[in-house]
Amino acid sequence: MTSNRLRLGVNIDHVATLRNARGGMVPDPVRAALMAEAAGADGITAHLREDRRHIVDVDIDGLMAALKVPLNFEMAATEEMKTIALRHKPHAVCIVPEKREERTTEGGLEVAGQDSLLAAYMAPLQAAGAQVSLFIGADKRQVEAAARIGAPVVELHAGAYADAWAEERWAERDSELAKITDMVAYGTQLGLEVHVGHGLTYDSVGPIAALQDVAELNIGHFIIGEAIFRGLGPAIAEMRRCMDEARG
Ligand code: PXP
């Protein structure tokens, strides 16, 4: 059983997406991260992709120098990323699958099929003090494999649930929510800390936030989009309110 306080990690990748659309310096993701921190984010999440399509290396330097709240550094399990993570020693490293052709992280990591490889990959990161989490589907095999190789944290991919919600496929939304609910319980039973992320909105966050064993949500795209209309601080405050209301 984890603490009942549900943490909100704000993913600022898409501030960088907007900056990169013009190739200049603005908007600055580090400034956004500091605003998110001031608005009550419990952590900042940033994904340094291999193709640097949004966050770039200097953003990670800037985030590490500026933030008081923990940085959750998302990365693929490559040697290059391991070297960068070991240089910065962020609070958390979330290992995600990555394909160049995908628009965003589609699906979770295949842990079950490469457990010894991932265990060896995680070891120096854990030795350096990073809390390693594995971004996986809400799938029993993957949850069991994550626990078996000693990952302290898993983040369950909420994309299928969030997409079903957005497209009003209610039966599918409910079955995806049931899978997440079951795997939150199972992961917790196996001693894992369980996070959830991807695609969450003000509407879809409630049923996930209501799961008392979920320790952290990582939310980006929707918050950054909503910030255009409300401002970043109010967009985050409203997400926090939705989470707290659901948590009860
Ligand atoms: N968690 C993980 C592991 C992710 O890869 C992402 C997307 O980069 C998120 C959370 C945030 O997803 P979204 O931007 O759709 O809220």
Side-chain angles (χ1 to χ4, degrees), residues 6-18 20 29 32-33 36 41-56 59-60 63 70-77 81 85 90-100 102-111 130-138 142 146 151 153-167 176 180 183-184 187 192-206 208-209 214-228 232 235-236 238-240 242-243:
L6 177 59
R7 295 193 302 271
L8 171 61
V10 174
N11 179 316
I12 43 85
D13 290 349
H14 296 301
V15 177
T17 304
L18 194 56
N20 298 356
D42 300 290
I44 298 297
T45 294
H47 184 178
L48 185 67
R49 293 187 77 102
E50 289 181 87
D51 62 8
R52 310 301 199 267
R53 73 173 71 154
H54 36 60
I55 293 295
V56 297
D59 297 326
I60 301 294
L63 290 168
L71 177 68
N72 175 28
F73 180 57
E74 281 184 21
M75 58 179 226
M81 290 300 152
H91 163 80
V93 170
C94 179
I95 302 177
V96 303
E98 207 175 286
K99 295 191 225 84
R100 270 174 198 262
E102 71 191 354
R103 237 186 297 171
T104 180
T105 313
E106 292 162 5
L109 204 57
E110 174 56 41
V111 184
Q131 181 194 62
V132 175
S133 78
L134 303 178
F135 189 44
I136 58 174
Q142 306 302 342
V153 180
V154 288
E155 180 165 329
L156 301 180
H157 197 312
Y161 159 76
D163 287 348
W165 191 303
E167 291 159 24
E176 291 298 332
I180 292 173
M183 288 308 112
V184 169
L192 294 162
E193 178 173 311
V194 183
H195 302 176
V196 181
H198 207 95
L200 295 173
T201 67
Y202 295 149
D203 288 331
S204 58
V205 78
I208 304 288
V214 175
E216 179 175 305
L217 302 180
N218 284 297
I219 309 178
H221 183 264
F222 179 81
I223 287 178
I224 302 305
E226 194 63 16
I228 295 168
L232 185 54
I236 292 169
E238 177 59 13
M239 187 59 80
R240 183 78 251 174
C242 293
M243 288 162 56

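Whatever order the structure lists ligands and atoms in, that order sets their numbers, starting from 1. Positions are given from 1 along the sequence. Reckoned from all heavy atoms, side chains included, excluding hydrogens, waters and symmetry mates.
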Q. Any side-chain donor-acceptor pair under 3.5 Å between Thr45 and Asn72?
A. yes

(Q) One residue to check: Glu74. Relative to ligand 1, which of side chain, backbone, both or neither has a non-hydrogen atom less than 4.0 Å away? (A) side chain

Q) How long is the span from the CD1 atom in Ile228 to the CG atom in Leu18, to the nearest 0.5 Å? A) 7.0 Å

Q: Answer with yes or no whether Phe222 contacts ligand 1, where contact means a heavy atom under 4.0 Å from a ligand atom.
A: no

Q: Using a 4.0 Å heavy-atom threshold (strictly under), name the region of Asn11 that reaches ligand 1: side chain, backbone, both or neither.
A: side chain

Q) What residue and atom, counting heavy atoms only, is the protein's closest point to atom 16 (O) of ligand 1, and at what distance? A) Gly220 N, 2.7 Å

Q) Taking only heavy atoms of Val96, which atoms of ligand 1 are found under 4.0 Å from at least one of them? A) 3 (C)

Q.
Is there a polar contact between ligand 1 and Asn218, counting only N or O atoms under 3.5 Å apart?
A. no

Q. So among Ile95, Val154, Val153, which one has a side chain to side chain contact (heavy atoms under 4.5 Å, CB included) with Val132?
A. Ile95

Q) Is the side chain of Gln142 donor-acceptor paired with the backbone N or O of Val111 at a distance under 3.5 Å, no angle test? A) yes

Q.
Give the atom numbers and elements of ligand 1 that come within less than 4.0 Å of a heavy atom of Gly199.
A. 12 (O), 13 (P), 15 (O), 16 (O)

Q: Determine, for Asp42 against Arg240, whether the closest basic-nitrogen to carboxylate-oxygen distance falls under 4.0 angstrom.
A: yes

Q.
Could you walk me through whether Glu155 and His157 satisfy the side-chain hydrogen bond (donor to acceptor under 3.5 Å, both in side chains) test, starting with their C-alpha distance in whole Å, then the side-chain angles of each, then the deciding distance to 0.1 Å, before giving a yes or no?
A. CA-CA 6 Å; Glu155 180 165 329; His157 197 312; over 6 Å; no

Q: Report the nearest protein non-hydrogen atom to atom 1 (N) of ligand 1: residue, atom name, distance rounded to 0.1 Å.
A: Glu155 OE2, 2.5 Å

Q.
Nearest non-hydrogen contact with atom 7 (C) of ligand 1 belongs to which option: Glu216, His198, His221?
A. His198

Q) CG of Asp13 to CD of Glu74: how many Å apart, nearest 0.5 Å? A) 6.5 Å

